[in-house]
Visitor: 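First the structure, which I've put down as structure tokens, then a few questions once you've had a look.
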2 protein chains.
Amino acid sequence: MNTEEFQARARVMKALSSPVRLMIVDELSRGERCMCELQPMFPMNKSTLSRHVTALKNVGIVSERRKGARCFLKLETPCILNVFECTMGVIRAEAKRHAKLAK
Amino acid sequence: MNTEEFQARARVMKALSSPVRLMIVDELSRGERCMCELQPMFPMNKSTLSRHVTALKNVGIVSERRKGARCFLKLETPCILNVFECTMGVIRAEAKRHAKLAK
DNA sequence: CTACTATAGCGCATTGTTGCGCAACTCTGC
DNA sequence: GCAGAGTTGCGCAACAATGCGCTATAGTAG
């Protein structure tokens, strides 16, 4: 089996391994947004936000469309959203397990 | 929207953000394995491998079943495998994009 | 054309987090 | 007691995240 393939997968997962970036993806799942729209939603330095977006662009999850000074972001691979359903399954199962242990 | 939910998701993604751990998941997708079976497959210290497995157990992706001194590992949430299909979609799209840029 | 503002990204320094191997440890079965 | 299977503590090196300030480009007003 190909090692590079696993590394490529890992890079994609890594890009999604931050709450902030997941929130960005969630926001973009509801439509195109520009950086200036995202900034008020995230209580952080704009350069930090820009870097998070860049991380998502780097692995191809998000694409940009420039319009003058603005830069509209779009979710390039919406199947990412299915991933979240699965993760929620993992999380729910885990919560159930913890509840059992607590008994 | 709930911040904790995003953090929980991020934790799951983080657990999957390492090539080694993806390879472990891939191996477990073909059936139960014990640590001693995994060790020859991974050219690393067994403590390191143990920690990778622990990371997967912590988020509920992998479960263990002890049998004597051995510890059999099982993929608890196989829907993770669907995630990989999506990531491969992302990767292929990205490869195509790179090919275009190269032209 | 120039000056000014808004949008976005980059370089640097700091801080925090991971991954790793080594060694020491627990637990099981002989 | 001893060997095999796994886990944990520790220290080091590499990496990631953040804030600050600076640059580049687009658009606009004069």
Visitor: Where the side chain of B/S50 is concerned, which of D/dT8, D/dA5, D/dG21 is the nearest nucleotide?
Guide: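 The answer is D/dT8.
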
Visitor: Between B/Q39 (CD) and D/dT7 (C1'), how many Å, whole number?
Guide: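 Between C1' of D/dT7 and CD of B/Q39: 12 Å.
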
Visitor: Could you measure the distance from the CZ atom of A/R21 to the CZ atom of B/F6? Nearest 0.5 Å is fine.
Guide: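 Between atom CZ of A/R21 and atom CZ of B/F6 there are 14.0 Å.
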
Visitor: More 5' along DNA chain D: B/R70 or A/R21, using each one's nearest nucleotide?
Guide: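 The residue mapped nearer the 5' terminus is B/R70.
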
Visitor: Does A/R51 get its side chain close enough to the base of D/dG19, under 3.5 Å, for a donor-acceptor pair?
Guide: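 For A/R51, whose side chain was compared with the base of D/dG19, there is a donor-acceptor pair (under 3.5 Å).
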
Visitor: At under 4.0 Å between heavy atoms, what does A/T54 touch on the DNA or RNA strands: base, sugar-phosphate, or nothing?
Guide: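 Since no nucleic acid heavy atom lies under 4.0 Å of A/T54, the category is nothing.
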
Visitor: Could you pull out the closest heavy-atom pair between A/M35 and A/S50, with the gap in Å?
Guide: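 Nearest pair, atom of A/M35 first, then A/S50: CE-CA, 3.4 Å.
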
Visitor: Is the distance from OP1 or OP2 of D/dT18 to the nearest side-chain N or O of A/H52 less than 4.0 Å?
Guide: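 Checking A/H52 against D/dT18: at least one side-chain N or O falls below 4.0 Å of OP1 or OP2.
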
Visitor: How about B/R33: does its CZ atom have over 12 heavy atoms from other parts shown lying under 6.0 Å from it?
Guide: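 Yes, enclosed.
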
Visitor: With sugar-phosphate meaning primed atoms plus P, OP1 and OP2, does B/E37 contact a base, only sugar-phosphate, or nothing at under 4.0 Å between heavy atoms?
Guide: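 Nothing: the residue B/E37, judged by heavy atoms under 4.0 Å, touches no strand.
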
Visitor: Membership question, hydrophobic clusters at under 4.5 Å side-chain separation (ILVMFWY): are A/F84 and B/M88 in the same one?
Guide: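 Result: yes, single cluster for both.
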
Visitor: Reading DNA chain C in the 5' to 3' direction, which nucleotide is the first one with an atom under 4.0 Å from a heavy atom of chain A, and which is the last?
Guide: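 The footprint of chain A covers C/dT7 to C/dC12.
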
Visitor: Between D/dC20, D/dT18, D/dA16, which nucleotide gets closest to the side-chain atoms of A/K14?
Guide: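 The closest nucleotide is D/dA16.
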
Visitor: Side chain of B/A69, heavy atoms from C-beta onward: which of D/dT8, D/dG19, D/dG4 has the nearest atom to it?
Guide: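 It is D/dG4.
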
Visitor: In whole angstrom, what separates A/F72's CZ from D/dA26's C1'?
Guide: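 After rounding, the gap between these two atoms is 13 Å.
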
Visitor: Answer yes or no: does a side-chain N or O of A/T48 lie under 4.0 Å from OP1 or OP2 of D/dG19?
Guide: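 Affirmative; the distance criterion is met.
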
